[in-house]
Amino acid sequence: MSHQACLVVHGIDRPGIVAAVGSVLSMQDANIVSLDQYSDDPQGGAYFQRTIFSHENLAAVLPAIEESLDEAFGDGFELTFTLRDISVPKKVAIFASKSDHCLLDLLWRQRRGELPITISMVISNHPDLAEETRGFGIPFFDVPVSRDDKSDAEKEQLKLVAGNVDFVVLARYMQILSPDFIEEVGVPIINIHHSFLPAFIGAGPYAKARARGVKLIGATAHYVTEDLDKGPIIEQDVVRVTHAHTTQDLQLRGADVERAVLSRAVRWHSEDRVIRRGNQTVVFP
């Protein structure tokens with residue numbers, strides 16, 4: 001990974017895109033490691049491409065590659081792109097409340113090298129998880145949130161994350177972010193929701209699920225937008241349950257699904273595998 005970069009391209013499909021990318025990389029002696037692409041209509045539809053390439057002197061040639069791509073895509077292509085050295089992990093702030101299963105899972109996976117991220121900080125509206133978080137060597141900030149007015153808390157949170165993170169993860173953070181916070185934070189926010197959206201919104205979801213006699217429970221990881229729990233979905237999964245499972249049984253099985261779904265969403269986002277398209281996503285394997 002120390003000599004590899006990720007190029008993500010999206011825009012309007014037309015002949016010659018792959019050739020243009022390949023030509024630019026070839027001219028700079030870069031070697032394509034993998035290339036995934038998707039088009040919803042080859043006749044002028046939406047086009048998406050993710051390319052991993054390597055170069056022994058990557059840091060030195062990246063500016064020249066970026067300049068060449070600007071020139072190539074300016075020649076009749078309707079495309080935008082991002083280019084990133086993937087040896088530099090994305091920085092993330094994790095928001096949590098009292099539930100620890102999603103937070104500790106992310107901390108553990110990051111420490112084991114399963115998630116290519118740097119966890120810059122954990123921010124919580126309760127002090128309960130401070131000791132466990134700091135045991136991983138991660139800074140913990142307790143920012144209480146008033147029931148009547150959360151603006152002061154959000155101002156403090158924005159001071160902590162401003163310029164310090166590439167995205168935010170809500171690891172069962174039990175507060176609704178205001179539209180002003182979502183706009184001002186300026187980076188993507190990923191949330192884990194304890195059901196298939198939009199089912200069982202609000203408090204006590206597993207009790208509601210049991211009352212309905214559900215046979216499947218699941219979790220959804222999605223990007224946060226101003227529309228509550230209606231942002232673009234990144235990943236979902238389910239587990240079967242029966243009438244014999246108690247509410248506590250559902251919570252335990254649901255926690256497993258939540259951990260798995262959130263960790264996959266965080267990993268895919270950190271590896272630039274997820275491209276937002278309106279209220280949908282394209283997720284490359």
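Note that the numbering runs from 1 along the sequence shown for the chain.
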(message) Could you report the tightest heavy-atom contact between H126 and F140, atom names first, then the distance?
(response) O-CZ, 3.4 Å
(request) Please determine, by modelled atom types, if D227 and T225 share a side-chain donor-acceptor pair under 3.5 angstrom. (result) no
(request) Would you please classify the geometry between the F95 ring and the Y173 ring as parallel, tilted or perpendicular, with 30° and 60° separating the classes? (result) perpendicular
(message) For P116 versus S270, what's the shortest heavy-atom pair and its separation?
(response) CG-OG, 3.4 Å
(message) Could you check whether R273 pairs with D36 (Lys NZ or Arg NE/NH1/NH2 to Asp/Glu carboxylate O, under 4.0 Å)?
(response) no
(message) Starting from Y47, can I reach V24 by hopping between I/L/V/M/F/W/Y residues whose side chains sit under 4.5 Å apart?
(response) yes
(message) For a quick test of reading the model, state the closest non-hydrogen atom pair linking S263 to L106 and the distance between them.
(response) CA-CD2, 4.1 Å
(message) Is there a path of hydrophobic side-chain contacts, each under 4.5 Å between heavy atoms of I/L/V/M/F/W/Y residues, joining V187 to I123?
(response) yes
(message) What I want to check is whether the side chains of S87 and D85 have a donor and an acceptor closer together than 3.5 Å.
(response) yes
(request) Using only heavy-atom distances, determine whether the side chains of Q49 and T51 contain a donor-acceptor pair under 3.5 Å. (result) yes
(message) A cation-pi test, strictly: NZ or CZ of R14 under 6.0 Å from the centre of the six-membered ring of F77 and no more than 45 degrees from its axis. Yes or no?
(response) yes
(request) Mind listing the closest non-hydrogen atom pair of A96 and N125 along with its distance? (result) O-OD1, 3.4 Å
(request) Apply the test side-chain hydrogen bond (donor to acceptor under 3.5 Å, both in side chains) to residues T220 and Q236: give CA-CA distance (whole Å), side-chain angles for both, the deciding distance (0.1 Å), then the verdict. (result) CA-CA 5 Å; T220 300; Q236 295 180 295; 2.9 Å; yes
(message) Please report the interatomic distance CD1(I86) to CG(L7), rounded to the nearest 0.5 Å.
(response) 11.5 Å
(request) Please name the pair of heavy atoms, one in G44 and one in I12, separated by the smallest distance, quoted to 0.1 Å. (result) O-CG2, 3.6 Å
(request) Can you see which heavy atom on T118 is nearest to which on P89, and at what distance? (result) OG1-CB, 3.7 Å
(message) Quick check: is V274 connected to V261 through a chain of hydrophobic side chains (ILVMFWY, heavy atoms under 4.5 Å apart)?
(response) yes
(request) Report yes if the side chains of K150 and F181 come closer than 4.5 Å at any heavy-atom pair, otherwise no. (result) no
(request) Treat each ILVMFWY residue as a node, draw an edge where side-chain heavy atoms are under 4.5 Å apart, and state whether V266 and L170 are in one component. (result) no
(message) Please check if the number of heavy atoms outside E56 that lie under 6.0 Å from its CD is greater than 12.
(response) no
(message) I'd like to know if the side chain of E258 pairs up with that of H101 as donor and acceptor (distance under 3.5 Å, no hydrogens or angles considered).
(response) yes
(message) Does the plane of the ring in F81 sit parallel, tilted or perpendicular to the ring in F73? Use 30° and 60° as the thresholds.
(response) perpendicular
(request) State yes or no: do M121 and I189 share one hydrophobic cluster built from I, L, V, M, F, W and Y residues joined by side-chain heavy-atom distances below 4.5 Å, directly or via other members? (result) yes
(request) Please confirm whether R276 makes a cation-pi placement over Y223, using NZ or CZ under 6.0 Å from the six-membered ring centre and within 45° of the ring normal. (result) yes
